[in-house]
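Report on one structure; see the data block that follows.
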Amino acid sequence: MLEMFPYPSGRIHIGHTRNYTMGDVIARYKLSKGFNVLHPMGFDAFGMPAENAAIEKGVHPGTWTYENIRVMREQMKPMGFSIDWSREFATCDVEYYAHQQALFLDMLAAGLVYRKAAIVNWDPVDMTVLANEQVIDGRGWRSGAEVEQRELVQWFFRISDMAEELLAAIDGLDKWPEKVRAMQRNWIGRSEGLQFRFETLGAPPGHETLEVYTTRPDTLFGASFAAIAADHPLARALEDDPAVAAFTAECRRMGTSEEARETAEKKGFDTGIRVRHPFDPSWELPVYIANFILMDYGTGAIFGCPAHDQRDLDFARAYGLPVVPVVSPAGEDFSVDAEAYVGPGRLINSRFLDGMEVAQAIREVIRRAEDGGWGTGVVRYRLRDWGISRQRYWGCPIPVVHCPACGVVPEKKENLPVRLPEDVSFDKPGNPLDHHPTWSRTTCPRCGSHARRETDTMDTFVDSSWYFARFTSPHAPTPTDPDEAAYWMNVDQYIGGVEHAILHLLYSRFFARAMHRTGHLPETAIEPFDALFTQGMVVHETYATRTPEGRTLWHLPGDVVRDEAGARLAEGTLVEIGSPIKMSKSKKNVVDPEPIIARFGADTARWFVMSDSPPERDVEWTAAGAEAAHRHLGRVWRLARDIASETAAGARSADDPGQRPGEEALALLKAAHRAIRDVTEGIEGFAFNKAVAGLYAFTNILARAPAGPETAAARRFAARTLAQLMQPMTPHLAEEAWAMLGGEGLCVSAPWPEADPHMLAEESVTLPVQVNGKRRAEIVVPRGADRAAVEAAVLADAGVQRALGGGSPRKVIVVPDRIVNLVL
RNA sequence: GCCCGAGUGGCGGAAUUGGUAGACGCAGCGGACUCAAAAUCCGCCGCCGCAAGGUAUGCCGGUUCGAGUCCGGCCUCGGGCACCA
């Protein structure tokens, strides 16, 4: 049982409480079912917020992080989670990242890691690399300077080599939500297409051909231009022209994110170069440099068919290029206006392809390209290799050395760990490891001469890509212990937010495979998470004011007075209200669970966050109802106490199984078995809200059951069952009630109750009777009554007769034990 | 922009997956107990209507004896988009 471990941002918020309570409900339920449950906890402790704190408050990232961990651990402990704290670690512990460095070296040796140039967001004022979230409207968040794209040589994991395997294996993840599987499939983005060469006219030497990739070779006769990325070698070759250089520079000022690229206005620069259409040497297309072409995908060059691609259409409209439809839904001529047609159809305006279906035309073009030797059908993936280099201090150092003589040399394993230096300063922009006077000075592990350490640290996604494996043997001298990993892996149930649907979960799947290849995990663990549940997020409005300089100041919900009219700070300043979003420390829209725990206790907090909202759905936080939840738990406690004291005296006779239960006792026993069924199904199906609803209903029935010797045994059984069923959610209350009621040992250790099918069966059933689809009457019939009997009973019913108004039905639809519909 | 979700009373939500829409809870209202209050217990509670009945699951249309559920077209909100974690 594993919940995604938290980033130690400072204090836990109610979203953590909800998430970890869900995990604990499952863990405790599984314990009661007799499983050996491993339920660990740790901290995803490297990352930017610690460095930001260092810059803003002058506190060392390590000090800040470990203090946050201490606070959060102390906040979690009173919640009564069944966590094995002896396995706790933080990813910033040297003991952890030392093993991560060893894994890196093994993967480097296995050819899973390499270096290449890649583009980053560069802040020219702060002289630093920016994360996408630090780029706001194309400017650095601190400096306000226009962000540039810059190329740096960085470290990469070869995840794209496993694209096919990662894609195929998604089919086997049948206990993952379909939406996550769909998102991963789309992310990997397998496509089949044609890669081919255009012959160029007027291009500089070395660029006699232009290689492009397309998934729609069928639309080749609708082509009206070719476009290349600003970083395409051909674009680079043209940069001697100041106009080209100006345009590519402008392209590089865009953010590196896909979103920035896709939402930016489509812009291009006509290079004056032309390419020949492969099927018609007399047909020439202009070559543009365009801001929406990615160098990382395909060949960094495309041909544009505006009629059948929205981006191409936008571009063509902006530059007055022809728009020729070549696929028609009805097979006849049609025109494209503002919206490209991407649906199925037959080819038109396409010479030898006319009349073919899209798929057929694609095959035909590929065949002709291959026959003609100017192109090949290829399979490509959208998935890019995983760049892990970060030019930051607070991360796992990449254990390699740059030697003037030997080049890039892996550090020797016996020299691990490469520790982060303690004495760093954040007063200069850039990576503190670069500024450190001595840290990067070292000797080459191969030749012994003076060398320089790699100052890049690893992406924190690396840390979280194997922590689950480390939990199986957190103190082992190697990254994993084979026996322990074989015993505990895989994670039977993983719980976390949908926001991790792609990156974290895909990287972990890759990493588990990489760990298997390097001998750190058994083959059975290459899919590390058997079942996944993605819980919804706890969201809250944000509250903001602005400083005189225009900077946004965020305010905690606790500091804001909110009513229908709006929100104000205590001293009266009007506050801007932002729509509810995921609780995050940076926006300060966090709610601390501590006041609720202090006032009502951990059980109430647990019970309350499990009530009402379905776990997979986002909830807007409100504390309204916490008090009522607490009153309910008090009611359960009193009920247990009263039943315990009343039946204690006659305990023997009360527990005597030989007595046949009376009618009232039987009704109560049936209710208990229904509750067992409902709660068990609720927990198994991650519908904790329904389990809670079932417990409320059962408690109501138990509280109203008449007292007396006839019902004493049934009430005692019911009360004990209630304690057991509540145990996963409210363990403290459950244990106390269990003890009062004379339960043996711990409630959590008692075997989970099982519903008796005989006690669930009802003899009669109420059938709604509809006339023309509207409900007009109800009849009670024996369960399983046959159609004829039901029909007779229905027609004999006075209410039905009234609704029919003397007429007789044309048709009678009887759904056994469900409904009857009379059609007039 | 692309991909993935979600929308049901005043509120959180339920509905055996095509079969009584609103389980359960919150809030509200009424009552009992109490000198009083709190706590507790009992009852009512989608909307319109005295009632019969009508109407109602984001919007528009469709399939069906029957649609919250299936199909088509929208709207709104949320998540992800590769350096936030």
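Quick caveat, the model's predicted, so the values are computed rather than measured. Proteins get letters first, then strands, A, B, ... in listed order; numbering begins at 1 in each. FYI, side chains are in, hydrogens and waters are out, and symmetry mates aren't considered; it's all heavy atoms of this structure.
Where RNA chain B pairs in unbroken runs of 3 or more (Watson-Crick or G-U, both distances under 3.5 Å), the stems are B:1-7 with B:75-81, B:10-12 with B:24-26, B:28-32 with B:40-44, B:46-48 with B:53-55, B:58-62 with B:70-74.
In this structure, the CH2 atom of A:W176 is 17 Å from the C1' atom of B:G5, given to the nearest Å. Atom CG in A:D309 sits roughly 11 Å away from atom C1' in B:C2 (whole-Å rounding). Straight-line distance from the CZ atom of A:R704 to the P atom of B:C41: 9 Å, rounded to whole Å.
OP1 or OP2 of B:G78 sits under 4.0 Å from a side-chain N or O of A:S579. Here A:K774 reaches the OP1 or OP2 of B:U55: one of its side-chain N or O atoms lies under 4.0 Å away. For the pair A:R617 and B:A6, the criterion of a side-chain N or O lying under 4.0 Å from OP1 or OP2 is not met. For B:U16, neither phosphate oxygen OP1 nor OP2 lies less than 4.0 angstrom from any side-chain nitrogen or oxygen of A:R674.
No side-chain N or O of A:W466 forms a donor-acceptor pair with one of A:Y507 less than 3.5 Å apart.
Among the heavy atoms of the strands lying under 4.0 Å from A:H500 is at least one base atom, whether or not backbone atoms are also near.
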Using nucleotides 23-32 of chain B, report all nitrogen or oxygen pairs with the protein that are shorter than 3.5 Å.
{"from": "B:G25", "atom 1": "OP1", "to": "A:N700", "atom 2": "ND2", "distance (Å)": "2.9"}

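The listed nucleotides are B:C81, B:C83, B:C3; the one nearest the side chain of A:E259 is B:C81.
Taking the charged nitrogens against the carboxylate oxygens, A:R142 and A:D123 have no contact shorter than 4.0 Å, which rules out a salt bridge.
Residue side chain A:R818 reaches the base of B:U16 through a donor-acceptor N/O pair under 3.5 Å, judged by distance alone. With hydrogens and angles ignored, a donor-acceptor pair under 3.5 angstrom links the side chain of A:Q391 to the base of B:C83.
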